[in-house]
> 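This is the structure, below, for whatever I ask next.
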2 protein chains.
Amino acid sequence: MTQATGPARSHPATLGDVARLAGVSIATASKALNGRSQVRAETRQRVIEAAERLSFRPNQLARGLLAGRTGTVGLLTSDLEGRFSIPILMGAEDAFGAGEVAVFLCDARGDAIREQHHVRALLGRRVDGLIVVGSRTDPRPSLGRELPVPVVYAYAPSDDPADLSIVPDNVDAGRIAVEHLLACGRTRISHITGDPGYLAARDRAEGARAALADAGLDLVGEPRFGAWSEGWGRAATALLLDRHPDLDAVLCGSDQIARGVMDVLRERGHRVPEDVAVMGFDNWQVLTSSSRPPLTSVDMNLEQVGRAAAHALFTAISGVRRSGIEALPCRVVIRGSTAPLS
Amino acid sequence: MTQATGPARSHPATLGDVARLAGVSIATASKALNGRSQVRAETRQRVIEAAERLSFRPNQLARGLLAGRTGTVGLLTSDLEGRFSIPILMGAEDAFGAGEVAVFLCDARGDAIREQHHVRALLGRRVDGLIVVGSRTDPRPSLGRELPVPVVYAYAPSDDPADLSIVPDNVDAGRIAVEHLLACGRTRISHITGDPGYLAARDRAEGARAALADAGLDLVGEPRFGAWSEGWGRAATALLLDRHPDLDAVLCGSDQIARGVMDVLRERGHRVPEDVAVMGFDNWQVLTSSSRPPLTSVDMNLEQVGRAAAHALFTAISGVRRSGIEALPCRVVIRGSTAPLS
DNA sequence: TAGCTTTCAGAAAGCCTTTTCGGTCCATTT
DNA sequence: AAATGGACCGAAAAGGCTTTCTGAAAGCTA
């Protein structure tokens, strides 16, 4: 089924073609199509019809060349595979797509060299701005202050406070998670979480502690840092139950950990949520909704982060710069694994 | 921290700036930088240094305007959320990024209107080609034959056989899955799968049957179509065990189903893989590696699909059209949930 | 020295659109 | 009738780059 047909496809129509067909000059055609006022209604109509007949689409390259703005932005992810980038990317794409901005997607695969390469390529294409999406919430190196276009960092903040970064508020996330458990009447709350090398893990733990302190309480045992996996959830729960068999809630650093926790709780004869409430983080649908019972989880509102980053970039492009780290609130999504203590 | 600084950033350097600094004409500067031959080595060196000093990046807009090719392609997904689009997108981005092609990402969110809008916008930006990524393997409406640029469909084939589509071979996937189970010495194999409205489900079942037939066997019971969920996996397994307590393998239509299947098998006292082998589909890391035991699964090689689509688009742009549906092989990733019958 | 080729640099056209400015035509005013 | 004004249209420049073609200078042969 392979056949060479040569690349010859008739050139897309240009404004000149439209003008010729309508019997006017190029200038008039342009004005007619762009709603400028210096055209008689009848002439405008003729041009519009001609444009339609040729299915004319103005060449954005030429337009961008002239205007100095291209209506494009670069979206630089360090890790497409990771599931956190995707919602952010969706939010940003959504916010831009609604306007007339097109998005160049570049995945650096966590490689600084490749990232640099992509930045240069994007600047060559004269993007109006850049969004840099990290794969974890830990600060990342800035692209530098010398770039000719504005940059907004999303999820992972830049390490240069002069840059603008939009991130989820993990401290607050830990806080609202605990507040939900307290509202359910739980008081003996333990925390099993992931890799302590992740700022997100430390932030959430800090927020959780703060909320407990506000209520005059403390965590049951120290926060247990480990890995973001089900396996760690299971192992940590086993240890935890040996030491503190009386706990009535476990706040988990991720939904995966929570799954492991629930498995061991059930195996050991603790009912969820009657005896022990369990909460996860990330609100990862496939895990939260198919577990038994469905898992209450903190959603980081990542789409919102993406949208906010896009919006910030927009305003930066039009001249209003901000800087610093802006933290967006998270939200608790309540499901069956937490319920008021009866 | 908000401060208005005005959009005034010094214009990026143009070829004219470079030429002036090097003391040559614009034409010479262009030739020097592009490795054309009509420049003395010494002059070329001077130009290159000047370009470096100004960190000159040729304006791709201007270049594209002139060349008629922009070095950009559109990547049109119908559903970014779905996890199948992502690896395809990664593969394509990877294949293009290696060349000098930039990718416009557009998510139509499953809406035909929005898709049409994006196509028009992309054509306005004079992309050299389009890749359309579907969210399921069922055929989707063609964008039409009248587009001025080549189009390649990935994952979901176009319903017009004149288009080129690159898809995973689900029939073969069902076949190799069963062949693996047979190689493990299993002969009483059952199939629990997802929504029968999905071509993928029907294709896999067909492939599985064909492989069994080749071995002179048949499925234990009819394939059980249902949903792609853990819940369905659990429910179907319960029914299945009642009717056929002697089975020694379950082939599942997805990793989620497989997880549910394994849960119920374990609860009913069947050991995996000693008594019953379990296989999933999709090779979704988070499910396969954290289940107990880790799940053997069929990987659809989606990155490969993306790369192949990118490559096909490349060759189409340079004039060699293909058409029809090209199915790429899948592969079995063996983990603990399948093992030779001892 | 005249005439040739070779080597290298620059002028200019072209890609497609927007916008400014000047010009034409007609209707109105003095 | 002449002058003014408004409505409409087109010529031309600009934006940054590539490419072709013209030109000039140098090196070579006869």
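Quick note on labels: first sequence line is chain A, next is B, and so on, each numbered from 1.
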> Applying side chain to side chain donor-acceptor pair (under 3.5 Å), can you list everything that pairs with Ser25(B), at least two apart in sequence or on another chain?
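Result, side chain to side chain donor-acceptor pair (under 3.5 Å) vs Ser25(B): Thr28(B).
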
> I'd like to compare against my own output: the B/S/- annotation of nucleotides 4-13 of chain D with a strict under-4.0 Å heavy-atom distance to protein.
----SBBBB-

> Please list all pairs meeting ring pair (Phe, Tyr, Trp, His ring centres under 6.0 Å) that have one or both residues in residues 37-88 of chain B, counting only residues at least two apart or in different chains.
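For residues 37-88 of chain B, and leaving out neighbouring residues, the ring pair (Phe, Tyr, Trp, His ring centres under 6.0 Å) pairs sorted by first residue read Phe84(B)-Tyr155(B).
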
> Does CZ in Arg114(B) sit with more than 12 non-hydrogen atoms of other residues, nucleotides or ligands closer than 6.0 Å?
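Count over threshold, so yes.
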
> Give me the atom names and distance for the closest heavy-atom approach of Arg36(B) to Arg44(B).
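Between these two residues, the closest heavy atoms are O-NH2, 2.6 Å.
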
> Considering only distance and modelled atom types, tabulate donor-acceptor pairs under 3.5 Å from the side chains of residues 85-101 of chain A, sequence neighbours left out.
| unit_1 | atom_1 | unit_2 | atom_2 | d |
| --- | --- | --- | --- | --- |
| Ser85(A) | OG | Asp79(A) | O | 2.8 |
| Glu93(A) | OE2 | Asp107(B) | N | 3.0 |
| Asp94(A) | OD2 | Arg307(A) | NH1 | 3.0 |

> How would you give the extent of chain A contacts on DNA chain C, as first and last nucleotide 5' to 3' within a 4.0 Å heavy-atom cut-off?
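Extent of the interface on DNA chain C: dC16(C) to dC21(C).
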
> Would you say Asp111(B)'s side chain and Ala108(B)'s backbone share a donor-acceptor pair under 3.5 angstrom?
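No, because the side chain of Asp111(B) does not come within donor-acceptor range (under 3.5 Å) of the backbone of Ala108(B).
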
> Just jot down the ring-ring contact (aromatic ring centres under 6.0 Å, His included) partners of Phe104(B), sequence neighbours excluded, or say none.
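For Phe104(B) the ring-ring contact (aromatic ring centres under 6.0 Å, His included) partners, ignoring immediate neighbours, are Phe104(A).
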
> Rounded to whole Å, how long is the line connecting atom CG of Leu15(B) with atom P of dG16(D)?
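After rounding, the reported distance stands at 10 Å.
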
> Would you tabulate the side-chain donor-acceptor contacts of residues 159-166 of chain B under 3.5 Å, counting partners in other chains and residues two or more places apart, or write 'none'?
| unit_1 | atom_1 | unit_2 | atom_2 | d |
| --- | --- | --- | --- | --- |
| Asp159(B) | OD1 | Ser142(B) | N | 3.1 |
| Asp160(B) | OD1 | Arg145(B) | NH2 | 3.0 |
| Asp160(B) | OD1 | Ala162(B) | N | 2.8 |
| Asp160(B) | OD2 | Arg145(B) | NE | 2.7 |
| Asp160(B) | OD2 | Arg145(B) | NH2 | 3.3 |
| Asp163(B) | OD2 | Ser142(B) | OG | 2.5 |
| Asp163(B) | OD2 | Ser158(B) | OG | 2.7 |
| Ser165(B) | OG | Ser158(B) | N | 3.0 |

> Does OP1 or OP2 of dT18(D) have a side-chain N or O of Ser30(B) closer than 4.0 Å?
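True: Ser30(B) side-chain N/O within range (under 4.0 Å) of dT18(D) OP1/OP2.
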
> Start with the C-alpha gap between Val167(A) and Thr137(A), add the side-chain angles, then the distance that decides, and say whether side-chain contact (heavy atoms from CB on, under 4.5 Å) holds.
CA-CA 7 Å; Val167(A) 303; Thr137(A) 56; 5.7 Å; no

> Can you tell me which residue pairs pass the ring pair (Phe, Tyr, Trp, His ring centres under 6.0 Å) test with a partner in residues 125-145 of chain B, sequence neighbours excluded?
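Sorted result for residues 125-145 of chain B: empty, none.
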
> Just jot down the ring-ring contact (aromatic ring centres under 6.0 Å, His included) partners of Tyr153(B), sequence neighbours excluded, or say none.
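ring-ring contact (aromatic ring centres under 6.0 Å, His included) list for Tyr153(B), sorted by chain: empty.
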
> Return the angle between end axes of the helix from dT1(C)-dA30(D) to dT30(C)-dA1(D), with five pairs used per end and rounding to 10°.
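Angle reported: 70°, given to the nearest ten degrees.
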
> What's the separation between atom CG in Leu122(B) and atom CG in Leu75(B), rounded to the nearest 0.5 Å?
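Here the rounded value is 9.5 Å.
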
> Go through residues 53-65 of chain A and report each residue with a non-hydrogen atom lying under 4.0 Å from DNA chain D, sorted by number.
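Residues of residues 53-65 of chain A that come under 4.0 Å of DNA chain D are, in numerical order, Ala62(A), Leu65(A).
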
> Just jot down the side chain to side chain donor-acceptor pair (under 3.5 Å) partners of Arg136(B), sequence neighbours excluded, or say none.
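For Arg136(B), the residues satisfying side chain to side chain donor-acceptor pair (under 3.5 Å) (neighbours in sequence not counted) are Asp138(B).
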
